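Comments concern the structure below.
The figures that follow rest on heavy atoms only: side chains count, while hydrogens, waters and symmetry mates do not. Just so it is clear, the structure is predicted and the values come from calculations on it, not from any experiment. As the structure lists them, so they are numbered: ligands from 1, and atoms in each ligand from 1.
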Amino acid sequence: MKQTESHTRPRILIIYTGGTIGMIEDPCTHTLSPFDFNHLIDNVPKIKMLDYDIEHIQFDPPIDSSNINPGHWQQIASEIGRNYNHFDGFVVLHGTDTMAYTASALSFMLEHLHKPVIITGSQLPIGEVRTDGEENLITALQIAAAVDPINGEPMVQEVAILFENYLWRGNRSTKMSADNFNAFKSNNYPQLAKIGLSIQFNIDSLWRLHDRLPLKVHTGLNTDVIIVYVNPGMTERSLRQQLETPGVKGVVLKTYGAGNAPTCEWFQRAVRDTVDRGVVVLNVTQCVNGGVQQKRYATGNHLAQAGVISGHDLTTEAALTKMMFLFGTGLTPRQVANSLLHPICGEMTI
Ligand code: ASP
């Protein structure tokens, strides 16, 4: 666990999946496409100033994160599992578009994680003069190598997103901006660290597990989970078409405000029929801040009465991947529904 044993220099594994950070512009189309790791690292000569042993693995080919799928999460989680005992920390370079989904999925897949898995990327490619990629990469490496001065243990023992001035819990994060360098935020959880002249960790918000069990990598994910976005133009037909998608086992129902949805007869019936068919329905709010309180309004209470589960303050990314993970472990719908009532790794506050 500690960086003593035979190694005094922190050993960090970078997993480069792609994303803007390593992209270059196609001279013909002027669009950005992912490029290889050597190009990326050549643009960060300062990395040599860190006295770390750094190794890397790269996706072949590296991809834009819009192309990420659960198979890639399995790949990343397996690499972390395979290399867990040889490294002190892990940095995952990833596109920003689906970074919060990957961070959430990995948090569930890496059970008993006691080492840092820091995910970062950038808004501008590393080769551009004003890139944010260089700073993000260096800071992510420093966080992955940071140890608690009191006990020598890793400062971060969870999956986290580092972007510009903040470190956020992975399964609490959402991409908030397509333009700003501060692109991510946890709307319902404090920052894990503030990056300024120094890296100031917010000790009280860091995840700590008191077991000493070995890492367990779960690679089973079930993709029979959909997101249904409630909106005023919804019709019985469009709602039923989604809820009755063949094979669906779980639905993340994105509702208004504190977990509210229309009370008209057809809406209530469609949801009730879905729950009665054994599909697990999880209620998360469309608001970026706050959470679901199904019993606050009559428009939320009918969902609770139908057997819809409150997702409290879960992000959509965490709700989706938590369900994929739980079904992927082979639980029955009833067991999944019960497990959704409890946080697994700091993803929700009840
Ligand atoms: N489309 C890019 C990606 O997600 C955006 C980025 O990295 O910022 O891979």
Side-chain donor or acceptor of His72 paired with backbone N/O of Asn69 under 3.5 Å: yes

Please check if the distance between the ring centroids of Phe108 and His218 is under 6.0 Å. no

Which value, rounded to the nearest 0.5 Å, describes the distance between Ile41 atom CD1 and Tyr16 atom OH? 10.0 Å

Amino acids in close contact with ligand 1, where any non-hydrogen atom sits under 4.0 angstrom away: Gly19, Thr20, Met23, Asp64, Ser65, Gly95, Thr96, Asp97, Ser122, Gln123

Lys/Arg N to Asp/Glu carboxylate O, Glu347 vs Arg169, below 4.0 Å: no

Does a donor on one side chain and an acceptor on the other come within less than 3.5 Å for Asn136 and Ser122? no

For Tyr84, is the NZ or CZ atom of Lys115 found under 6.0 angstrom from the centre of its six-membered ring and inside 45 degrees of the ring axis? yes

